[in-house]
Amino acid sequence: MDLSFTPEELAFRDECRKFFREEFPEAIRRKVLDGQHLSKDEIVTAHRVLNAKGWATPHWPVEWGGKTWSAVQYYFYQDEMQQAGVPSPLAFNTSMVGPVIAQFASEDIKKRFLPATANLDIWWCQGFSEPGAGSDLASLRTKAEKRGNTWVINGQKTWTTLAQHADWIFVLCRTDATAKKQEGISFILADMKTPGITRRPIQTIDGGHEVNEIFFDEVVVPEENLVGEVNKGWDYAKFLLGNERTGIARVGFSKARLKKIRELAALERVGEQRVIDDPKFIEKLTSTEIRLKALEMTQLRVVANDRGRGGRPDPASSILKLEGSVIQQLTTELLMDVVGPYVMPFAESDEGSGRNEMGWGPEYAAQSAPAYFNNRKVSIYGGSNEIQRNIIAKAILGF
Amino acid sequence: MDLSFTPEELAFRDECRKFFREEFPEAIRRKVLDGQHLSKDEIVTAHRVLNAKGWATPHWPVEWGGKTWSAVQYYFYQDEMQQAGVPSPLAFNTSMVGPVIAQFASEDIKKRFLPATANLDIWWCQGFSEPGAGSDLASLRTKAEKRGNTWVINGQKTWTTLAQHADWIFVLCRTDATAKKQEGISFILADMKTPGITRRPIQTIDGGHEVNEIFFDEVVVPEENLVGEVNKGWDYAKFLLGNERTGIARVGFSKARLKKIRELAALERVGEQRVIDDPKFIEKLTSTEIRLKALEMTQLRVVANDRGRGGRPDPASSILKLEGSVIQQLTTELLMDVVGPYVMPFAESDEGSGRNEMGWGPEYAAQSAPAYFNNRKVSIYGGSNEIQRNIIAKAILGF
Amino acid sequence: MDFDLSDDQRLLKDSVDRLIADRYAFDSRKKIMAEPGGWSRDMWAQFAELGLLGLPFPEAQGGFGGGPVETMLVMEAIGRGLVLEPFLPTVILGGGLIQAAGSPEQQKTLLPQIAQGKKTYAFAQVERSSRYNLADVQTTAKQDGSAWIINGEKSVVMAGDTADTLIVTARTAGGRFDRGGIGLFLVNAKAQGVTIQGYPTQDGTHAAEIRFDNARAEAVLGDPAGGLAAAELVMDQAMAAICAEAVGLMHEMHVSTVDYMKTRKQFGRAISEFQVLQHRSVDMFVALEQARSMSIFATFAASETDPATRSRNISAAKVQINNSGKHIGQECVQLHGGIAMTMEYKAGHYFKRMTMLEQLFGDTNTHQAKVAKAGSLF
Amino acid sequence: MDFDLSDDQRLLKDSVDRLIADRYAFDSRKKIMAEPGGWSRDMWAQFAELGLLGLPFPEAQGGFGGGPVETMLVMEAIGRGLVLEPFLPTVILGGGLIQAAGSPEQQKTLLPQIAQGKKTYAFAQVERSSRYNLADVQTTAKQDGSAWIINGEKSVVMAGDTADTLIVTARTAGGRFDRGGIGLFLVNAKAQGVTIQGYPTQDGTHAAEIRFDNARAEAVLGDPAGGLAAAELVMDQAMAAICAEAVGLMHEMHVSTVDYMKTRKQFGRAISEFQVLQHRSVDMFVALEQARSMSIFATFAASETDPATRSRNISAAKVQINNSGKHIGQECVQLHGGIAMTMEYKAGHYFKRMTMLEQLFGDTNTHQAKVAKAGSLF
């Protein structure tokens, strides 16, 4: 047992740090660190910088551009990326559909999609959740019917993040209505320009337009757009959701945010006192930091343990999701505490949350309440915290 | 709507205050306020002082010594009593078996038992819980068989508080094994000296011997010891448990304890600073006080609402139990914070919890950890807090 | 002691509740939000007609002589309806300050205007770093003959973009934090030297940044150097009022959560059947009832004569309200799931308003520290 | 980075775990508690035989050259077994202080005695109002020729009733809170002028009040005016050790709760089927894993060379351990129900020991304040 890192591991960390802090576009990092939303162009640019370095898809198979990094290397890669304010490569592409295609799709589909997916030449969005199928995803009702050599899709998806930018969508469809819930589902790819696909943006309470409803009305796609085998889509979805278990805690991101909060609290004043000198504030900040430090150590332990599991996700990663989401939410409360009355001003924005372009109060004020509102989602999506507790209860405690 | 009290109400409060603080034995009050346990003699003395004033059984029927007090009068009676450190009249007698006898028993039984019960000439204990029947009381298995003109009781009860002092026990027994769970239970009185009744003390983690197991081995009691009708015992038990809803929050008691803690924290020092000047301590004390103030207001509202309910317990009283127990527990944490390292010394005692007769450290130190340990029970007994939540979920929220 | 409403109070409550139910459905509210300044003049006229705008004023001044209980009833309804009209800034703060500090003459002239819905007010008090300290005033008022000239900047002034008259705290003497030397000045919002930049706020209402460059005050309320006590009194009353509003919000959040749980199905059954969600909604309910209790406590504290006791008790109430409100708001969103994250659904709007009320007039830390300093609550 | 145990570490863990499993069943422990001073000389001899009592000492001094990881493994096992023997006061504190401050000569003489189980120690450091401040020392040491004469009183000295030798912090110079002027004195427990009043503690171990009236010290460890740094180092090491012990306690509390839930029936089914209890035991598990992580963190911090970093990191760990421990302890009792309130059942004993560890070497507030003062953890 040794918590210190090997010289090789440290060298890798330094390489990450150098690349992310010195070679990555500064302006994009600034926006992320300041809590601002990125435009489509910025997201694409950032993603391609990573891909050019070969770092957009490190966990893909090596033949498709993956790396043979150790768990510690992954940890540093993510931690340094998040701490530097470098946006993660687009998850829909690199953590979701990409690995599924690489693992289960035909060689033709791989060739057709993987390089373009890795480079964000195709922007994917995720067609999983439905109005009646959120945490209980398997009860989804969007169906795909085989007609000749096509699939015809009818139904509705929701909570489709950034669909406004997407070129393609991967859709879970019911292809056998007679089978048991999980067994009649298939995983199908569709071009967003296909006739019959329409999009309705959903405005979220932070003022942003990140999520959408997607309607499928007699949407015809070629049969080869089915990934893998028919009616095996649930397995692929589970595989997909099991990926990215370690990044889910967003420890590096919370570190960066706490650092920022510390800086801002040293600038902002109440009367003549700095916010950071308020004992109650510093106590809350400290306890969040301690909790995050514990989570970082827990993440390292889960990461280390992953080696022995042959790719099966460790149910302990549910701890990361639980604690990680709560800590992210706590940091947004701290930011509001720094801001005080200037949490109030609101400005809608097309691409994200109420940015205060007019600059009322301190310049960082405008993001504080929207961040708080927006971050309520992190304990709901990706398997709500209640679902995570169910997983731990069943898989670890044996209930 | 008017939160101020009428002159009559205030006059009653003053009468309570005067009686409890000036006419009640000072030495007993001191012990209660200092968190020490009372001897049997002290409990009996205290009870009889109240009964002599006519204040041991105010909620009994008037013909048996009850009062026609308003809800506000009850509130003041309890609040002033608890604040003054006057021990409540023995609950087994006045809140439990007494009202059941007064309501459901024959005239003979009433005459035989009620006056002696009111004056604590008979000390009662409660034979309800069993090793397999705690929160799920209705699954009890102690049985009573009719043999001639007697009942023969066999079985085991547990958590029988202060049974070591008891003259009589009221026992829930299964009298019809074939009936549905709740429907075959009867309410029977037994002299503790009856052959076949044995007692085993249970030592609790605070070092005290308050609770006991009671074994019934072919215990023969006369048939007239059955209260009310056979197989109706569950109704009587529910009636019994529904009594004393307003006192359950122990607001007056917590007020007295917080006051005491404030005094002690002004005496005790860390280095040269008084504990009460520690910002973290005072913050925790303050938030407990605020929570208690809210509970006091809630209790007043429940009390006021009780008037319109014709004796049916208000399910809102479950809030009083929930919050009241948590606040009591918090006060014991505060007391440990005052004490610091002197929470450690332990001394067993026959009559209560680890009194530190040797006086290590400050004189109030010895009660602090035992009080903390002992008070974990308040969220378990009398319907655990989980059961209270179930009650609210069903009776108020309609789940 | 009596928790029952009097007949008049019951009547008031019923009529306000009916107005809100009839006119403040979620869709109607959305339309109102789109009006200039984000509130409806039409609705305001109805409030006036119903007597709400003069509710707390003496009858001699066009009011109805209502006390804190009446205000509580109206504010709770305002919370339940997520009402956007500037009742708090105009009636509670504006009207309250005029009552507390104005001359009999001023009261006779100005209060009826409010009661009749003719004038709205805003209280321009917060400055860039003053937070919740009413005595931290850097804006100045200098006498020029019989006139007062105001210079300075005020932050996040509620309804400051549509108010006809601003009541401005400004310093006539003393240093930045001195309790003496603060006056309450009436400034016409259209006066020369007044620059108002309005904006919508997170909760759907509006506020403004306001700059005074040699702006001439119309009048001063009471002693130009002794306005603080009145400001503190009215701030306490306003705090009691928003405690009641918050209870209205919490009530709606709790009810909507329970209702949603009974209809939403997952894994083949209503989610209300999951015990874990039941218990969490019970904990919301307990938090709501504790908040309701402290709102009543604050209501009665508002007419407490000793300022120290008044202020301590109302701060205690605000702490409970904030704690309950945060808990209920966060759980409301969590138990609803995604739908409460959308602007299309009502729950999120309650959550947002509640979040702003947590901060308004002092956050939890501030009030907890005030109570701690004031000594025991018992 | 490597979380796996080395072969030697695995061997150590297995043998300690086996010893605890074989010899520290609940009933055996009860018997041990009844022995003089509340611990077993026989068990102590076995510890010595197994090499545990010299574990952290250099091989040259009869030890096994173990580091913080080895200590962590033993302490976690001690927690799981609720071990009563004075390993912490003798090996970690006594041995640690001799290692940190003693001369090579002293180390060579004294450490082997500990390793062989021949001598036990107690660290007499706390005074009536000093709480968790090592520098708050009023006990004095005055030089008398070559001897040091000790006067003063020490409070709640762990295992002070049975220790052969006391290590006493005493002031040779400076005022009450000065960091300089503190020495570490070895005093024979049987020396004239030493009055020891021992008592059992809430968690089943023992402690003592000790008075020194012109008691003559046998020796001083290092600089008679410069002992504080060593005391702080060893206190941090001891804190890391009790973090591991606490993890052992929490682990047992969690496991026993889960096991109990699976067997205890209510309302016709195992209570583990109630979702609400499942989720609460999951929250206990999360708290346990977070505590385990911070125990490992503290273990590595114990060999950190910069004292400020070491102290900050270990304080952070103590905060997490205390928070997790309180949560797990209270929930353990609540989810068990009445049975955990009895002395006859094991769970309550874990809860009691955990409660004492929360306070030992500094409560949550104290350490949280230390971390806050030290600045960011990242």
Side-chain angles (χ1 to χ4, degrees), chain A residues 1-6 9-10 70-72 75 83 251-252 254-256 258-259 262 276 279 281-305 307-308 316 318-320 322-323 326 385-386 388-394 396-399, chain D residues 1-6 9 67 69-70 72-73 254-255 257-258 261-262 270 272-275 277-287 289-297 299-301 313 315-321 323-324 364-365 367-378:
Chain A
M1 194 177 218
D2 187 359
L3 271 204
S4 49
F5 296 104
T6 65
E9 288 167 342
L10 290 175
S70 69
V72 171
Y75 162 76
Q83 283 200 68
V251 170
S254 289
K255 277 189 210 172
L258 287 172
K259 202 174 148 212
R262 228 173 230 284
I276 201 151
F281 175 82
I282 191 75
E283 178 211 325
K284 194 168 161 188
L285 177 62
T286 301
S287 46
T288 309
E289 282 185 352
I290 292 171
R291 208 164 160 181
L292 181 61
K293 176 54 82 179
L295 185 64
E296 182 177 35
M297 294 298 301
T298 304
Q299 173 166 299
L300 279 164
R301 289 168 51 214
V302 172
V303 159
N305 194 40
R307 283 172 309 182
S318 288
I319 300 175
L320 307 181
L322 272 175
E323 279 289 299
V326 172
N385 283 8
E386 290 70 39
Q388 303 300 334
R389 288 192 180 90
N390 286 346
I391 292 172
I392 295 175
K394 202 173 153 188
I396 303 182
L397 306 188
F399 288 132
Chain D
M1 192 199 65
D2 184 8
F3 286 94
D4 294 336
L5 299 181
S6 70
Q9 289 167 342
V69 173
E70 283 72 18
M72 179 183 83
L73 295 174
H254 181 249
V255 166
T257 304
V258 168
M261 282 172 59
K262 287 176 182 170
S272 62
E273 290 178 37
F274 291 99
Q275 192 195 22
L277 306 186
Q278 288 188 2
H279 278 212
R280 283 169 64 180
S281 66
V282 166
D283 288 342
M284 290 169 73
F285 176 72
V286 172
E289 290 304 318
Q290 290 284 77
R292 195 186 297 281
S293 290
M294 286 306 262
S295 162
I296 296 173
F297 184 63
T299 298
F300 285 87
N313 290 358
S315 284
K318 187 67 163 54
V319 171
Q320 179 69 51
I321 295 290
N323 288 338
S324 288
T364 313
N365 291 355
H367 286 292
Q368 183 141 341
K370 277 177 81 169
V371 182
K373 215 171 155 186
S376 174
L377 267 173
F378 293 102

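In what follows, every chain begins at residue 1, and chains take the letters A, B, ... in the order their sequences are listed.
In this structure, Arg301(A) contributes its side chain and Glu289(D) its backbone to a donor-acceptor pair below 3.5 Å. Using a distance-only test at 3.5 Å, with no hydrogens or angles considered, a donor-acceptor pair links the side chain of Glu289(A) to the main chain of Leu377(D). Using modelled atom types, one side-chain atom of Gln368(D) and one backbone atom of Glu283(A) make a donor-acceptor pair closer than 3.5 Å. Between the Glu9(A) side chain and the Met1(D) main chain, a donor and an acceptor come within less than 3.5 Å of each other.
In terms of heavy-atom pairs under 4.5 angstrom with chain A, the leader among Val255(D), Val319(D), Val69(D), Asp283(D) is Asp283(D). Between chain D and the options Gly398(A), Ser287(A), Ala294(A), the largest number of non-hydrogen pairs under 4.5 Å is found for Ala294(A). Of the listed residues Lys255(A), Arg262(A), Gln83(A), the one with more heavy-atom pairs under 4.5 angstrom with chain D than any other is Arg262(A). Contact tally against chain A (heavy-atom pairs below 4.5 Å) for Thr299(D), Ile296(D), Asn313(D), Leu5(D): the top residue is Ile296(D). When each of Ala369(D), Gly67(D), Gly375(D), Ala291(D) is checked for heavy-atom pairs under 4.5 Å with chain A, Gly375(D) comes out on top. When Phe5(A), Phe399(A), Tyr75(A) are compared by the number of non-hydrogen pairs under 4.5 Å with chain D, Phe399(A) comes out ahead. Comparing Thr286(A), Leu258(A), Ile290(A) by how many heavy-atom pairs each has under 4.5 Å with chain D, the most go to Ile290(A).
Residue contact with chain D, scored on non-hydrogen atoms closer than 4.5 Å, involves the backbone of Ser4(A) exclusively. Within the 4.5 angstrom heavy-atom criterion, atoms from both the backbone and the side chain of Lys293(A) approach chain D. Of the two parts of Asn323(D), neither the backbone nor the side chain holds a non-hydrogen atom closer than 4.5 Å to a non-hydrogen atom of chain A. With a 4.5 Å cut-off on non-hydrogen atoms, Val371(D) touches chain A through its backbone and its side chain both. Glu273(D) does not touch chain A: none of its heavy atoms, backbone or side chain, sits under 4.5 Å away. For a residue to count as touching a neighbouring chain, one of its non-hydrogen atoms must lie under 4.5 Å from one of that chain's; by this rule Leu300(A) touches chain D with backbone and side chain alike. Heavy atoms of Glu386(A) lying under 4.5 Å from chain D belong to its backbone as well as its side chain. Both the backbone and the side chain of Gln278(D) come within less than 4.5 Å of a heavy atom of chain A. Of the atoms belonging to Leu322(A), it is side-chain heavy atoms, and not backbone ones, that fall under 4.5 Å from chain D. With a 4.5 Å cut-off on non-hydrogen atoms, Ile396(A) touches chain D through its side chain but not through its backbone.
Remark: Phe285(D) engages His254(D) in a ring-ring contact (aromatic ring centres under 6.0 Å, His included) (not counting sequence neighbours). The ring-ring contact (aromatic ring centres under 6.0 Å, His included) search around Phe378(D) returns none, not counting sequence neighbours.
Nearest heavy atom pair, residue Gln290(D) against residue Arg291(A), reads NE2-O, 3.5 Å.
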